[in-house]
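Have a look at the structure below before the remarks.
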Amino acid sequence: MRTPLIAVSTDAKDFENYTWHATPQPYLDAAVSTAGLLPVLLPSLGDRLDLDSLLETIDGVLVTGSRSNVYPELYGGEASEENGPYDHARDATTLPLIRKAIEKGVPLLAICRGIQELNVALGGTLATEIHEREGAFDHRGPQDAGHDTRFAIRQTVKVAPGGCLARIFDTSEVRVNSVHRQGVDRPAPRLQVEAVADDGTVEAVSVKEAPGFAVGVQWHPEYWAHRDDSSARIFRAFGEAVRLHAAARERAGIAAE
Ligand SMILES: N[C@@H](CCC(=O)NCCCC(=O)O)C(=O)O
C-alpha cells in the first residue's frame, strides 16, 4: 500500500517581499517519523482551493499550532490589540477545511491553534489571555527561551473516562506541554471534551458521532513525539486512522472498477 498523504495547514507569513506559506518542521517530523505518513503543505489560499477535490485525494488533515489567533469576529468576538496577531488567509482555509474533513470522514488531528479552529469551525467560542482568569495557570510557554524550554512537558491533564483519548492513552492523567494564550471558551455543540487541565482549561476534544477520527489537542504532541510516549500515541493513533481511511478508499475504488 502507498504511504498515505496528509494535508498540513500553513501560516501565511510575509518576508523577503513575498508571502510565504509555511509550517514548523516538528509537525512534519512527527507526521513522517511517528505517524508514518507523507505530509504535503496546504497553502492558505482560502476559497481559491477546491477542498472537495483535495479531500478526495488526501487521506488525512493535520491542523498545526501557530502564534497567530483566530480572528475574533469569526466567533462573535471583537478584534483588539490584545487578541492578535491574526492570519486571515489561514482562517479562510482551515475553517472550511475542518468542516469538510469532518463531514467526509477524513481523519483530522488539530493541534493548539488547530483545536481552537476546530471549535470555531463548529460554532464554539474562544477566550483570550486565559492566564489572567481567576485561578488559571499560565499556559504560555516561557517567553524568551529556546524551543526545548518553551515546549517542555510541564502540566498534567485529566483524561475523560470512556472517551477516544482514554483509549489512546490507556491512562487517566497525561503529562503535556503548554504554549498558548487562548483557549476554548464555549465548546461547540458537536465537541466532546476529552481532557481538561486542573484549572478547567479544555485541553482536548473529539467530534461527537464524527464518521472518522476527529481530535483536537491544546498541547503540542508533535514536539516530543520522537521520545515521549503520550505524544507518540496521539500521532500513532492519527496515523492508524489515516491508513484505515486510505485502505477503505482504495477498496471502494477497486470495487467501483
Ligand atoms: N495562538 C494561539 C494558539 C497557540 C499555538 O498554536 N501555539 C503554538 C506556539 C507556536 C510558537 O509560539 O512557537 C494561542 O496563543 O492560544
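Both ligands and their constituent atoms are indexed starting at 1 by order of listing.
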Short list, please: which atoms of ligand 1 are under 4.0 Å from a heavy atom of [X]?
X	value
N69	1 (N), 2 (C), 14 (C), 15 (O)
H180	4 (C), 14 (C), 15 (O), 16 (O)
S68	1 (N), 2 (C)
G65	6 (O)
H220	7 (N), 8 (C)

Identify the closest protein heavy atom to [atom]: which residue and atom is it, and at what distance?
atom	answer
atom 15 (O) of ligand 1	R181 N, 3.0 Å
atom 16 (O) of ligand 1	Q182 N, 2.7 Å
atom 13 (O) of ligand 1	R150 NH1, 3.1 Å
atom 7 (N) of ligand 1	V179 O, 3.0 Å
atom 10 (C) of ligand 1	R67 CG, 3.8 Å

Derivation of the salt bridge (Lys or Arg N to Asp or Glu O under 4.0 Å) call for K13 and D87: CA-CA 8 Å; K13 290 180 176 288; D87 185 343; over 6 Å; no
Measuring from atom NZ of K100 to atom CD1 of I102, what distance do you get when rounded to the nearest 0.5 angstrom? 12.5 Å
Going from CG on D59 to CZ on R243, what distance comes out if it is rounded to the nearest 0.5 angstrom? 10.5 Å
Is the distance from the ring center of W224 to that of F151 below 6.0 Å? no
Using the ring centroid of each side chain, check whether H139 and H131 are separated by less than 6.0 Å.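 No: the rings miss the under 6.0 Å criterion.
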Taking distance alone, with no angle check, do H147 and ligand 1 share an N/O pair under 3.5 Å? no
Nearest candidate to atom 3 (C) of ligand 1, where distance is taken over non-hydrogen atoms, out of S66, P85, P26: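 It is S66 whose heavy atom sits nearest to atom 3 (C) of ligand 1.
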From the options E222, H220, R90, select the one residue that forms a side-chain hydrogen bond (donor to acceptor under 3.5 Å, both in side chains) with T64. R90
Do S230 and D228 pair up side chain to side chain, a donor and an acceptor below 3.5 Å, judged on atom types alone? no
Looking only at side chains, do Q155 and E203 share a donor and an acceptor under 3.5 Å apart? yes
From the list T125, I98, V70, side-chain contact (heavy atoms from CB on, under 4.5 Å) with V120 holds only for V70
So, does Q116 sit close enough to ligand 1 that a heavy atom of it is under 4.0 Å from the ligand?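 It does; at least one heavy atom falls under 4.0 Å.
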